[in-house]
Each structure stands twice: as structure tokens, then as C-alpha cells.
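What follows is a set of notes on a single structure, which appears directly below.
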Amino acid sequence: MAFWSSTSVFTSKVPRKILFMFTLSISVTYLFYSLMSCYNSLQFPLQENYVYQARLVTEETTFVAFREKLYSATSQGYFGEDLVERTATEQTGAGYAVSTVDQLDNVASEQRATEWVRTQLAPTEMIAGGQNAVFEREHQESSTTDDELSRRGNSTPDYGEKKLPQAIIIGVKKGGTRALLEALRVHPDVRAVGVEPHFFDRNYEKGLDWYRDLMPSTLEGQITMEKTPSYFVTNDAPKRIHSMARDTKLIIVVRNPVTRAISDYTQTLSKRPEIPTFEVLAFKNRTLGLIDASWSALRIGIYALHLESWMQYFPLSQIHFVSGERLIVDPAGEMAKVQDFLGLKRIVTDKHFYFNKTKGFPCLKKPEDSSAPRCLGKSKGRTHPKIDPDVIRRLHKFYKPFNMMFYQMTGQNFQWEQEENQ
Ligand SMILES: Nc1ncnc2c1ncn2[C@@H]1O[C@H](COP(=O)(O)OS(=O)(=O)O)[C@@H](OP(=O)(O)O)[C@H]1O
């Protein structure tokens, strides 16, 4: 009896305490892990960027100061070669005596006559007209080839369902974005809209349903794509694309910023032959060597500046850089890397390209919608006007520190400085 009463004390009192402590500790542990995993999933998208930024801040302690100078100089609308030299020198700790910003202020009014042609980046202007106004705008601004393509659209049958793009070619203008997209469209697992939708810069207010509706239908396993090169220099684009889908893959075709600027100018000149010469537009004051970085043709080429905004939202692993130069000399090689990045089978290979001597560029042997070989149109691969070699040299010098910064950010050397020496 005594035995039974003592065991009943044991079973009724002691285990209850133990049971309570046990339950409490389980609950606390569960709560702790729940909070941790919730915190991690919230932090994850930006974590790599913080790591990256921390690295930058420790390795490049003056990067932030450099960028601030860059922003303030460009927002004032002018940018001297000397300022770049000075800030670059400061980066290495050497110092520089000339107060260029003050000098720049004094000469700022000199070339107001050319202001009309200097356009702001990241146009947010609305397109007047109905839903299809984007296409009208596209027809005005794009090349013949793009127009042809927009009329053709996606000629393969429209099976499946329309999806928002999982991968976007976000830039750069005149980098070779059309050549890349057309080569990708050869791939059976890629479906892309022919026109540039300009959703994240000019048409954002139209909403995601409008955007999705522009896309061709896809079957299971196919990737939906689009290209709009102006996204790269649109301030709101990184945030907007991230909020659409944080796992969107981004592709940027980059090209020597000097050649890119000349290509950009050549395009404008073809539409408006009355514009001043490249040499006039490139400088605020040529005698003082003050380069006008507010001119969009030049500002687009400061890749490091624009890339920084993207890296606030996307880890580097989600951004693929294509060399515009290599895309011309070795299209299959660049395509192999792009297909790998997109998780596609390497289907587009050297068998799909041939070099067209008349065009001076690689062409597709068998595009998506035809069995005939096809080159891009006349507006791709235009003859550039001859630019004063001294201006080219000054521009190379201007871009050099930004290129170096870009190589460091991307971990890739695009070797544009070698072209300078040729
Ligand atoms: N295969 C092939 N055929 C023709 N052109 C080619 C090709 N690959 C790259 N390129 C280069 O692409 C440049 C035009 O770049 P984009 O297509 O990005 O221009 S745009 O921003 O869409 O207007 C274009 O620039 P320009 O030579 O200045 O016209 C070409 O140099």
C-alpha cells in the first residue's frame, strides 16, 4: 500500500513537472527555429549583396566617396576628365590639386546650344495613345530589323500559357542585344517577344497583366524572355523587376563604352542628320578636356554606376554578362555560356552561325521562323562616322577608371583597354 502510494506520488507529481519542463523547452526551441527561419527567408535575397558590399567597403574603402562624387558631378550635368582622374587618384590615396568642379561651373553655360540633343536617362515619360502605343514608339525608335521582328512576333504556334519572363536582357543599348535575343530564339526552349516592351521604364503603370499579355505562350519547360536595353539605366527597374520575381535572371550585353557611344550617336544621326558632331556633343569644353557625361550616349557607358543599382537587388549569380565584342567574333562561345546560365541544353552552337562577308557580321543559318539564312537588318552593324582620334583617346581615358571598377564588380576583364592600344 505504502509502495502504491509512493508510486502514485511519483506518477502524479514528479512527471507532471518534468512533462511541463519538457513541453516548455520543446516550445521554446520550436519558437526559436521558426523565428530564425523566418528571419533568414526575409534576409536571403539581399544577403549576398551585403556580403559583396562589405567586401567592397573593406577592399575599396573610398568607393562610396567616389560614387558620391560621380553622382554629384553627373547630376550637375557635366563631368571633367580631370575629375575622374582626381577621384581615381584619391582612390589610390595619391591626391590631386585641381579644383575641377569649380572650373566646370564657370564653363557650364558655354554649350547650351547643344542642350536640346542631350537627353535624360531613364525616360519615364508616358506614351500617349492606346495600348499599342508602345509598338508605335518602337517603330519610331527601333531599327528596321526590330520593326520586322515586331511584325513577325513569335511565329511558332501559340500553345501553352502566357507567363511573365523568367529571364530578361536588360542592356546595354547598342551592346548587341538584338543579335543575342535572335540567337536565343533559335533555341526550342526559349520563347521571346519580338518587340521591346519597355514595361519597367515606360509602361509600368499598365500593370503586370498587360505585360504578361505581350508574351508568347510557353509550354512546360520553356523560358519566356524579352529584351529592353534601356532597363539597365532606369533607376526604378531593379526594384520593379525584383518585386515581379526576385529570381528573374538578368542578362547584360556590354561593349567597349567608347564604341558603344559612337554606335548610339550613329543611330541618332541616322534619324536626325542635323545634330552636332560627336566631338561637339562629347565635351562641355573641349579645350579644358571637360567631358559631358550628362549626354546619354556617354553616360550609359559608365557601367559600374548603373550596375551598382542592380546589385542592391540581385546577387551577381543572377546576372550574366555577355561580351558584345565576343558575340561578334565567337557567337557560339558566348551562346554556350548564356545557355548554361539559363539552365538550357547547349542547342545553339557554331552550326547555327556563319560569317557573312558582305554584312561583316555573323548571321543565323536557320532562324526560328524560317529555313533561310538570315542576317540582322541594316540598322545593326552600321558604318560609324570617323571620330577625331584625340577625342577617342580622351574618352578611353575618361572611361578607364569606371571600366576597372566594372571589371572588379563583375570579376571579369572585358579587355577594352587593349582595343585602345590597337
Ligand atoms: N550578328 C550581328 N549582326 C549585326 N550586328 C551585331 C551582331 N552582333 C552584334 N552586333 C552589334 O549589335 C549592335 C546593335 O546593338 P543592339 O542590338 O543592342 O542595339 S539596340 O540597342 O537594340 O538598338 C550593332 O552596333 P553597330 O555596329 O554600331 O550598328 C552591332 O555592332
Side-chain angles (χ1 to χ4, degrees), residues 142 145-171 175-197 199 211-229 231 241 244-245 247-253 317-324 326-356 359 361-377 380:
S142 297
T145 314
D146 286 10
D147 294 347
E148 278 166 26
L149 291 161
S150 66
R151 277 193 292 275
R152 276 183 219 176
N154 270 74
S155 55
T156 46
D158 238 16
Y159 300 124
E161 58 172 315
K162 287 171 184 275
K163 292 198 197 95
L164 290 167
Q166 294 100 319
I168 306 178
I169 301 173
I170 57 168
T177 55
R178 177 53 66 188
L180 176 67
L181 190 71
E182 289 315 300
L184 270 169
R185 288 171 97 190
V186 172
H187 201 291
D189 292 338
V190 173
R191 301 228 56 214
V193 56
V195 290
E196 292 176 7
F199 176 64
Y211 186 46
R212 189 187 293 106
D213 209 44
L214 288 181
M215 301 299 150
S217 301
T218 44
L219 295 169
E220 192 66 34
Q222 286 184 317
I223 296 178
T224 305
M225 288 191 72
E226 70 119 320
K227 78 119 181 161
T228 304
Y231 292 160
I241 296 180
M244 173 186 75
D247 60 352
T248 309
K249 291 187 176 178
L250 308 172
I251 299 177
I252 309 172
V253 190
S317 57
Q318 243 169 272
I319 310 177
H320 181 76
F321 300 90
V322 173
S323 157
R326 296 219 52 83
L327 191 62
I328 296 170
V329 297
D330 179 20
E334 285 303 307
M335 285 307 294
K337 290 186 264 177
V338 174
Q339 290 169 98
D340 290 351
F341 170 70
L342 293 173
L344 296 167
K345 237 176 114 184
R346 288 190 185 182
I347 287 180
V348 186
T349 61
D350 51 1
K351 288 201 294 289
H352 292 88
F353 298 96
Y354 76 101
F355 188 82
N356 185 304
K359 175 86 183 158
F361 283 90
C363 297
L364 282 169
K365 276 186 193 159
K366 211 171 181 298
E368 185 189 352
D369 54 351
S370 142
S371 55
R374 191 166 58 92
C375 298
L376 296 186
K380 307 290 175 181

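In this chain, numbering begins with 1 at the start of the sequence shown.
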Shortest non-hydrogen separation from [X] to [Y] and the atoms involved:
| X | Y | answer |
| --- | --- | --- |
| L364 | Y354 | O-CE2, 4.0 Å |
| V322 | E334 | CG1-OE1, 3.5 Å |
| P197 | Y211 | CB-CE1, 4.0 Å |
| L327 | A179 | CD2-CB, 4.2 Å |
| Q318 | F341 | O-CZ, 3.4 Å |
| M335 | L180 | SD-CD1, 3.7 Å |

*All side chain to side chain contact (heavy atoms under 4.5 Å, CB included) counterparts of D340, not counting sequence neighbours*: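 Result, side chain to side chain contact (heavy atoms under 4.5 Å, CB included) vs D340: R346.
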Verify, without hydrogens or angle tests, whether [X] (side chain) and [Y] (backbone) share a donor-acceptor contact under 3.5 angstrom.
| X | Y | result |
| --- | --- | --- |
| K359 | K380 | yes |
| K162 | M215 | yes |
| Q222 | P188 | yes |
| Q166 | T224 | yes |
| K365 | K351 | yes |
| K345 | Q339 | no |

Can you find a heavy atom in the side chain of [X] that is under 4.5 Å from one in the side chain of [Y]?
| X | Y | result |
| --- | --- | --- |
| L164 | T248 | no |
| R374 | E182 | yes |
| K249 | H320 | no |

*Going from CG on L250 to CD1 on I241, what distance comes out if it is rounded to the nearest 0.5 angstrom?*
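It is 6.0 Å, given to the nearest 0.5 Å.
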*How many angstroms lie between atom NZ of K227 and atom OG1 of T177, to the nearest 0.5 angstrom?*
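Interatomic distance, K227 NZ to T177 OG1, rounded to 0.5 Å: 3.0 Å.
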*Apply side chain to side chain contact (heavy atoms under 4.5 Å, CB included) to L184 and L342, showing your working.*
CA-CA 10 Å; L184 270 169; L342 293 173; 3.9 Å; yes
*Scan V193, I169, I168 and name whichever one has a side chain to side chain contact (heavy atoms under 4.5 Å, CB included) with M225.*
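By the side chain to side chain contact (heavy atoms under 4.5 Å, CB included) criterion, M225 pairs with just one of V193, I169, I168: I169.
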_Verdict with supporting geometry, Y231 and E226, side chain to side chain contact (heavy atoms under 4.5 Å, CB included)_ = CA-CA 11 Å; Y231 292 160; E226 70 119 320; 2.8 Å; yes
*Non-neighbouring partners of T218 that pass side chain to side chain donor-acceptor pair (under 3.5 Å), sequence neighbours left out*: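 By the side chain to side chain donor-acceptor pair (under 3.5 Å) rule, T218 matches K163.
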